[in-house]
*Asks:* 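I'd like to ask you about the structure that follows.
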Protein chains: 2
Amino acid sequence: MWHAGTVTTPSPGLRERKKQATREALREAALRLAVERGADQVRVEDIAEAAGVSPRTYNNYFASREQAIVSAVTADREARIAAAVAARPAGARLADAVTEAVVEQYTNAGEREQEALLLITTRTALRDAFLDTTASIGPPLTTVIAERIGDAGAHTARVLAASVAAAIRIALEGWLRPAGSAEAAGGLVVPSGSLPDQLRAALAPLAPAFDAAERRTHPIKRG
Amino acid sequence: MWHAGTVTTPSPGLRERKKQATREALREAALRLAVERGADQVRVEDIAEAAGVSPRTYNNYFASREQAIVSAVTADREARIAAAVAARPAGARLADAVTEAVVEQYTNAGEREQEALLLITTRTALRDAFLDTTASIGPPLTTVIAERIGDAGAHTARVLAASVAAAIRIALEGWLRPAGSAEAAGGLVVPSGSLPDQLRAALAPLAPAFDAAERRTHPIKRG
DNA sequence: GCGCAAACTTGCGTGCACGCACTTTTTCTG
DNA sequence: CAGAAAAAGTGCGTGCACGCAAGTTTGCGC
């Protein structure tokens with residue numbers, strides 16, 4: 001009993017493998033072309049051609065032009081975060097497990113990923129697409145959180161996962177803001193620290209909620 | 001109390017009023033046409049024509065076709081939520097203030113709003129646009145929360161506001177799911193209750209985080 | 001009053017997302 | 001093993017988002 005998702009495919013058919021191969025080819029082509037020429041000099045038609053599929057098929061895999069490029073960097077980060085949380089000992093504090101897993105998965109930047117990130121930060125459209133990837137963290141994170149706090153708190157798990165995703169997004173926004181607008185709501189500006197610092201700072205306020213959810217399942221008190 | 005200003009009203013210039021009038025005309029036209037014919041039978045060109053502007057100008061006001069229709073229902077709900085929170089007595093628990101303000105603003109459905117909501121639930125694109133409006137709650141809510149917990153917790157306020165927005169979104173998703181997909185993450189299905197119940201249930205897990213943030217600013221407060 | 005500058009509107013062109021119908025490929029079943 | 005069924009790929013057409021470069025209105029200083 002595992003959920004149909006982005007985890008792995010033992011051997012569910014020859015068909016699925018070709019599908020993943022096509023997706024990977026599109027990711028690769030999109031990133032390569034974006035790095036070679038500018039990001040604005042790459043059309044969907046070019047990416048599709050480089051990957052050997054029709055432009056129409058491209059949209060069967062990615063909803064937008066930027067998604068493919070960003071996808072090459074983010075890859076299956078959601079699944080890795082969820083796996084990292086699940087890998088932590090069951091006795092550890094859930095809030096810490098989640099925080100460390102997130103920081104861990106966002107700090108190990110590969111060589112090509114670093115170059116791609118540099119490209120992403122320059123273009124607004126790519127930055128937005130990159131920030132939108134945080135939304136996909138929700139579902140897998142919901143699963144692992146639900147395993148910790150029990151099925152009774154399924155609803156809670158979903159809210160907590162979504163809150164984590166929102167916090168990560170805020171951290172990323174604050175991180176890649178070299179000359180961005182700082183007037184948004186309260187006009188308050190927090191100096192951009194390192195990414196791990198931003199992530200920890202953003203996730204810290206949620207810790208009490210995790211503690212409470214976790215405490216509810218471990219019946220230390222009765223009556 | 002018609003101004004949509006987030007914080008101040010810089011100048012009630014004649015120009016700004018025409019702008020708001022155009023926006024209102026577009027909202028009105030979009031909703032009316034969508035109700036009259038089906039939602040799919042309304043093009044941007046039609047809305048623009050009914051409002052007396054060019055199709056190009058339409059996009060200067062709304063980023064997508066669905067936004068205008070949804071905007072007619074949501075109006076300035078974000079501002080009203082923020083105002084409702086600010087209106088609560090300073091001594092009250094912040095978590096309760098936010099929860100009640102949200103429930104309050106999402107339950108007073110006008111007559112035409114009810115009809116529009118019925119329309120929204122039928123079309124997936126409109127539902128998505130409706131859910132996306134929760135994102136706009138963040139900024140104003142951040143401001144009022146920051147006022148309560150102090151500028152020191154500005155970062156915290158932003159995270160909490162985003163978490164609230166995410167929770168509201170989840171509540172709405174669960175509410176308008178007549179025959180939707182229930183397989184998302186854990187395959188767990190929670191029977192759809194009333195909207196106020198959904199909202200309270202979604203916001204409840206965040207209460208400890210609010211308490212902790214509030215406690216950090218008010219030295220020792222028992223309540 | 002008188003322009004001037006900024007803001008708003010608009011026509012035009014380009015690329016893109018996506019529905020629909022059809023073809024091709026893979027998988028299931030008798 | 002063959003044919004059916006399901007699923008993925010593809011061509012085509014439509015409407016839309018948005019940059020750009022005018023044209024037009026509003027507001028302000030002189």
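Keep in mind it's a predicted model, so treat the numbers as computed, not measured.
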*Asks:* Whole angstrom is fine here: how far is it from CD in A:Q67 over to C1' in C:dC16?
*Replies:*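 Interatomic distance, CD of A:Q67 to C1' of C:dC16: 13 Å.
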*Asks:* Backbone N or O of B:E49 within a donor-acceptor pair of the B:Y58 side chain at under 3.5 Å?
*Replies:*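 It does not hold such a pair.
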*Asks:* In terms of side-chain geometry, is the basic nitrogen of B:R65 or B:E45 positioned less than 4.0 Å from the acidic oxygen of its partner?
*Replies:*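 Not counted as a salt bridge, because no side-chain N and carboxylate O are separated by less than 4.0 Å.
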*Asks:* Identify, with sequence neighbours excluded, every residue that meets side-chain hydrogen bond (donor to acceptor under 3.5 Å, both in side chains) alongside A:Q67.
*Replies:*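 Result, side-chain hydrogen bond (donor to acceptor under 3.5 Å, both in side chains) vs A:Q67: none returned.
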*Asks:* Provide, to the nearest angstrom, the distance between the CD atom belonging to B:E16 and the P atom belonging to D:dG27.
*Replies:*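 It works out to 10 Å between those atoms.
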*Asks:* Could you state the atom-to-atom distance from CG of B:D128 to C1' of C:dA17 in whole Å?
*Replies:*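 Rounded to the whole Å, the gap is 14 Å.
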*Asks:* Near DNA chain D, under 4.0 Å by heavy atom, which residues of residues 33-61 of chain B?
*Replies:*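 Heavy-atom cutoff 4.0 Å gives B:R43, B:V44, B:R56, B:N59.
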*Asks:* Could you state the atom-to-atom distance from CZ of A:R65 to C1' of C:dT14 in whole Å?
*Replies:*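 Checked: the CZ to C1' distance equals 12 Å.
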*Asks:* Can you check whether B:T57's main-chain N or O pairs, donor with acceptor, with B:S54's side chain at less than 3.5 Å?
*Replies:*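 Judged by distance alone, yes, a pair lies under 3.5 Å.
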*Asks:* Between atom CZ in A:R17 and atom C1' in D:dA8, what is the gap in whole Å?
*Replies:*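 It works out to 17 Å between those atoms.
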*Asks:* What residue pairs, at least two apart or across chains, pass ring pair (Phe, Tyr, Trp, His ring centres under 6.0 Å) with a residue in residues 18-57 of chain B?
*Replies:*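 Found none.
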*Asks:* Using atom types as modelled and distance alone, determine if a side-chain donor or acceptor of A:D128 lies under 3.5 Å from a backbone N or O of A:A125.
*Replies:*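 Such a contact is absent between A:D128 side chain and A:A125 backbone.
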*Asks:* Could you give the NZ-to-P distance, from B:K19 to C:dA6, as a whole number of Å?
*Replies:*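 That distance rounds to 16 Å.
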*Asks:* Rounded to whole Å, please give me the gap between CD in A:E66 and C1' in C:dG15.
*Replies:*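 Distance, rounded to whole Å: 11 Å.
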*Asks:* Quick check on D:dA8: is either OP1 or OP2 less than 4.0 Å from any side-chain nitrogen or oxygen of A:K18?
*Replies:*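 No, A:K18 has no side-chain N/O under 4.0 Å of OP1/OP2 on D:dA8.
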